[in-house]
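Owing to the predicted nature of the structure, the values given are computational and were not obtained by experimental measurement. We count ligands from 1, going down the list as the structure has it; atoms in each ligand are counted the same way. Computed over heavy atoms, backbone and side chain alike; hydrogens, waters and symmetry mates excluded.
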Amino acid sequence: MVAGEALAESTLQALRADFRGTLIEPGTAGYDEARSVWNGNIDKRPALIARCSGVADVVAAVNFARDNGLVVAVRGGGHNAAGYGTCDDGIVIDLSPMKGVRVDPAARTAFVQGGATWADFDRETQVFGLATTGGTVSNTGVGGLTLGGGIGWLQGEHGLSCDNLLSADVVTADGRCLRASATENPDLFWGLRGGGGNFGAVTAFEFKLHPVGPLVLGGMVVHPQSEAKAVLRFYREFAQRLPDAGGISGAALLTLPDGTPAVAMLLVYNGPLDEGERVLAPARQFGSPIADLIQPMPYCVRQTLLDEAFAAHGIQRYWKSGDAAELSDAIIDLLVEGAAGCPSPLSSIALFRLQGAFARVAPDATAFALREPLWDLNVVSQWIDPGDSEQNIGWARGLWAQVEPLTGGGRVYVNHFAADDKPERIRASYGPNYERLAALKRRYDPENLFRLNPNIRPAG
Ligand SMILES: Cc1cc2nc3c(=O)[nH]c(=O)nc-3n(C[C@H](O)[C@H](O)[C@H](O)COP(=O)(O)OP(=O)(O)OC[C@H]3O[C@@H](n4cnc5c(N)ncnc54)[C@H](O)[C@@H]3O)c2cc1C
């Protein structure tokens, strides 16, 4: 098939008869909007976008794709930087109309459909003063983020998003609807908690919730970038001493809206406000910040703190990432020097300290294997003009090529896997869990229908 070509009407007829949502084809109104994803550098032209209204539509679309040998992209929030939520020529099974969230405040659980974003989720759960670990940017999909693991501000106390998953409803490659939980299909449940979208389209997730807020402490302390080496050395020591309620924390090399190059410490506290003020005080007193933006705020507002930096839908992006056990002086120096040579003011270098509850889960308890305290390093390149792609991608690649050898192990949080990363990185990141995942893949998706993800090949 030629990219962007529609499927033959005779082929489509069977699906039309069995579909309640919207089928969007090349050349029809809304196709360009429907095929676009958050990363505008991903410019794919699917043969069909199937916007599903419910589970029956997802089953119909999966069966149709399999029976017609189509490449399948499952789209949740459409936020994946590598562009796994779309494809050329094949079918996008678009779950984005499926955003329902139902909270059971007595049981402290929430059911959420597979196309919801964290903004949808947090809005409903905070009605009851409840939350679970979600992403640091509110318009990221619950689906992709949870299946790959799920890093967020509550992680120090409550673990990853996938650690809070109680069950999932999954449409598998053979079109069956399975529930996965600790008691139903427990092998599948194990694989869904970190194994990405490899095992099927998840139509609903059930999460455990925790009392959070309504007011929490959060924000950033900003210094000039000329102080970055000292700030990041201070932050490295400070972050590792934070209690679980200090969540995960982060630091970013970025350009402020007025053009000032800066370094920011991104800090939160999930407990009583006065306690948080005491815990975060040393970071606010360090050096001479140009801004101290740490303050009490509603939980839902804190969940949007980083939104602005990543808001623009469809601009050009390229992302390199990896995990390091130690944040050495050499890594800090390379990142700071790399930031100084950054060609775009929209780009940033972000690092997060992951520690606390997530690291107290055994590496083989779920598919997510990276269970020791670590540093998640991200070179996030963003620019407007597609003509500047070579320069900006070159910057991110060049910087990462220098940093990666210092990280050790070549491991990466799979949700940050780049499309041009080597597949060995996936294997390294799952470590000893990889063989079990490959066996599970053979059981649930032997033909690798769901392969647009950090792919686990079915065991041979
Ligand atoms: C600005 C930004 C901020 C981010 N911040 C964080 C963060 O704080 N913490 C964190 O952990 N990650 C973060 N990420 C990474 C994020 O977790 C991944 O990009 C994730 O893949 C996005 O999920 P999505 O559903 O929005 O993406 P999509 O592009 O829709 O999908 C991504 C992958 O997940 C699969 N998928 C999505 N939904 C389903 C489903 N319901 N069933 C089966 N498969 C599904 C898709 O098939 C695809 O392989 C961030 C990404 C961006 C761009």
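Residues Tyr84 and Asn455 have side chains that never bring a donor and an acceptor to within less than 3.5 angstrom of each other.
Screening residues 69-78 for salt bridge (Lys or Arg N to Asp or Glu O under 4.0 Å) gives no qualifying pairs among residues at least two apart or on separate chains.
In this structure, ligand 1 sits under 4.0 Å from heavy atoms belonging to Trp38, Val74, Arg75, Gly76, Gly77, Gly78, His79, Asn80, Tyr84, Gly85, Leu95, Gly114, Gly135, Thr136, Val137, Thr140, Gly141, Gly143, Gly144, Leu145, Leu147, Gly150, Ile151, Gly197, Gly200, Ala201, Val202, Phe310, Trp319, Tyr413, Asn415, His416, Leu452, Asn453.
Geometrically, Arg442 does not engage Tyr444 in a cation-pi contact, judged by NZ or CZ lying under 6.0 Å from the ring centre and within 45° of the ring axis. With Trp375 as the aromatic partner, Arg353 meets the cation-pi criteria of under 6.0 angstrom to the ring centre and within 45 degrees of the ring axis.
Each of Asn270, Thr125, Leu154 was checked for a side-chain contact (heavy atoms from CB on, under 4.5 Å) with Tyr299, and the lone residue meeting it is Leu154.
Ring-centre distance between His79 and Trp38: below the 6.0 Å cut-off.
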